[in-house]
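Below is one structure; the comments refer to it alone.
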Amino acid sequence: MPQGIIENLIEQLSKLPGVGRKSAQRMAFFILNMKDEDARALAGAIGAVKTNARFCKACFNITDSDLCSICRDSLRDRKRICVVEEPSNIIVIERSGGFNGLYHVLMGALSPIDGITPDMLRIKELAQRVSGNGVDEVIIATNPNTKGEVTAKYVREALSPYDVAVTRIAYGLPLGGDIEFADEITMKKSLEGRRKLD
Amino acid sequence: MLGRTEGIVLRSRPFGEADLILEYLTRDFGVRSAFAKSPRKIKSRFGGSLEPFIHSRISLLGREDASLPKLTQSDIMTSFQPLREDIKALLQATEFAELILKLLPEREPAPRVFELLLWALSTLQSMTMLHGMIMSTGGAAAGANASGVTAPAAVKNERETRERWQFIPAVFKARLLSLTGYAPSLRGCARCGAGSRVFYPREGALLCGACARSGPSLEISAALPGIYRNLSEWPLEKIMRIRPSSGLLAELKKFIHVHLAEGIAVTVKSAKFGHGPAE
């Protein structure tokens, strides 16, 4: 049992990923010197997340009500669904500002060697959404690695009975990268995915 | 000190924010785990070189007895990309990787197992690409035929390729069992030497009626011990010349499965996967 309230806070903070004892100590003293309302807001946010967080009934994003804010938003394009592995991927795509449709979180990726099978993911629920909702396009945005690829292929096959275009996000070199350091698989995928310059 | 060697990625596990723990089968150091710093970041210098089944030239930093050396370099030698683009091939390659992880102790040099896996992945890749080509040709032929009947030559080729494809795991498993010391004893009754065709998986051997004890058993054909021995002993570069009949191949598959599951209690997680939505 840690001695003292600061020692306790340090121990709790050091449970966070990527936070060692030194960082936890710095954070603890920062919190100690924070404005009272900011510190209480932080504690309140942690408490609220643990009390109210649940999965959206439609897309399995994290929300505090039955439907998440994206699914509730009447201005979103309901004919497009972007399929991601984890709720955290939605934040990155939303930040890009390049997509205005709905999402579907699979809650993981297929991994034969780890025994993660299709019935463990939300693939059936995706098929149900696609079957009855006038969806035109499903964009598969799983990770560009083996697990993400096999998941993408499986989703494509699972959606084959439906009249919907299934697309995959592009592969290739990252912006700001240098071709000199590209590995051959990434380079090959970049060449395959080339497009005409407008 | 560890150093440069060739490795094939058997499995990878995320660690921390963007790191990976990889399990390699290396040519010089056997099965080794390695820690790779930040390969999941988009601009990582490792790029796509740490995906399963990639054969690469790697550098490991750490002492010989280090439990988790650091991976400092990975240059792809053979990507085996077609294996990751076909679900069935991916499942088969995954089974190879799982069996090695289960049967081969870590940090025990096993250059012959390395050669075997390299052969199995190369042959599987060739057969997968050939099968894909035949299926696309057969599909085109069927499309041209108004009655919807697939061209007989394409069907024959497809069946033959499928059987050749199924032969690869039989070879791989028979040889891996020999190389790791789990080979079944098929030279007559293991107790008295008398002739027998009844295999007892828990004994890992054939037993005659007089020596047999209670427990599950499997009757085998007269041809099975011979082909099993050939699979284990023939040079790899000539092994695809062996062409067992469909019946013998099916028996061989069943025999190896029984020996693995009931004899040495090895099951693979990838078997739970099925073969895709179509099946």
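Quick note on labels: first sequence line is chain A, next is B, and so on, each numbered from 1.
With a 4.5 Å cut-off on non-hydrogen atoms, Ile116(A) touches chain B through its backbone but not through its side chain. With a threshold of 4.5 angstrom between heavy atoms, Glu85(B) approaches chain A through its backbone and through its side chain. Interface remark: Leu159(A) contributes no atoms to any contact with chain B (heavy atom separation under 4.5 Å). Residue Asn143(A) does not touch chain B at all, counting heavy-atom pairs closer than 4.5 Å. With a threshold of 4.5 angstrom between heavy atoms, Leu90(B) approaches chain A through side-chain atoms but not through N, CA, C or O. When heavy atoms are compared at a cutoff of 4.5 Å, Ile54(B) approaches chain A solely by way of its side chain, counted from C-beta outward. In this structure, chain B has a heavy atom under 4.5 Å from the side chain of Lys189(A), while its backbone stays farther away. With a threshold of 4.5 angstrom between heavy atoms, Thr186(A) approaches chain B through side-chain atoms but not through N, CA, C or O.
Listed in order of number, the residues of residues 97-112 of chain B that approach chain A to under 4.5 Å between heavy atoms are Ala97(B), Glu98(B), Leu101(B). For residues 178-185 of chain A, heavy-atom neighbours of chain B at less than 4.5 Å comprise Asp183(A), Glu184(A), Ile185(A), sorted by residue number. Contacts from residues 96-104 of chain A to chain B, taken as heavy-atom pairs separated by less than 4.5 Å, involve no residues at all.
Side-chain contact check for Lys269(B) versus Pro112(A): every heavy-atom pair is 4.5 Å or farther apart. Contact of the Ile87(B) side chain with the Leu91(B) side chain is registered, since non-hydrogen atoms from C-beta on lie closer than 4.5 Å. Put simply, the side chain of Tyr24(B) reaches to within 4.5 Å of the side chain of Leu71(B), judged on heavy atoms. Residues Glu137(A) and Lys79(A) form no side-chain contact, since every pair of their non-hydrogen atoms from C-beta on lies 4.5 Å or further apart.
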May I have the list of side-chain donor-acceptor pairs in residues 24-33 of chain A shorter than 3.5 Å, sequence neighbours left out?
unit_1	atom_1	unit_2	atom_2	d
Asn33(A)	ND2	Phe29(A)	O	3.0

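Of the listed residues (Cys68(A), Ser88(A), Pro87(A), Cys56(A)), just one forms a side chain to side chain contact (heavy atoms under 4.5 Å, CB included) with Ile62(A), and that residue is Pro87(A). When each of Leu10(B), Val9(B), Ile58(B) is paired with Leu22(B), the side chain to side chain contact (heavy atoms under 4.5 Å, CB included) condition holds for Val9(B) and for no other.
At a cut-off of 3.5 Å, with distance as the only test, a side-chain donor of Gln12(A) or Asn8(A) sits close to an acceptor on the other residue. Side chains of Ser65(A) and Arg72(A): a donor on one and an acceptor on the other come within 3.5 Å. Using modelled atom types and a 3.5 Å distance limit, the side chains of Tyr171(A) and Glu149(A) yield a donor-acceptor pair. Under the 3.5 Å distance criterion, with hydrogens and angles disregarded, no donor-acceptor pair is assigned to the side chains of Thr142(A) and Glu85(A). Using modelled atom types and a 3.5 Å distance limit, the side chains of Arg4(B) and Gln73(B) yield a donor-acceptor pair. Donor-acceptor pairing under 3.5 Å is lacking for the side chains of Gln166(B) and Glu163(B).
Contact check on Arg57(B) versus Asp75(B) returns no salt bridge, with no Lys/Arg side-chain nitrogen under 4.0 Å from an Asp/Glu carboxylate oxygen.
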Please lay out, stage by stage, how Ile81(A) and Ile139(A) fare under the test side-chain contact (heavy atoms from CB on, under 4.5 Å). CA-CA 6 Å; Ile81(A) 294 178; Ile139(A) 304 163; over 6 Å; no
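Note on Arg13(B), Gln81(B), Glu95(B): by heavy-atom pairs under 4.5 Å with chain A, the leading option is Gln81(B).
By the 6.0 Å and 45° rule, Arg27(B) does not stack over the aromatic ring of Phe114(B).
Counting heavy atoms of neighbouring residues, nucleotides and ligands inside a 6.0 Å radius, atom CG of Asp119(A) exceeds 12 of them.
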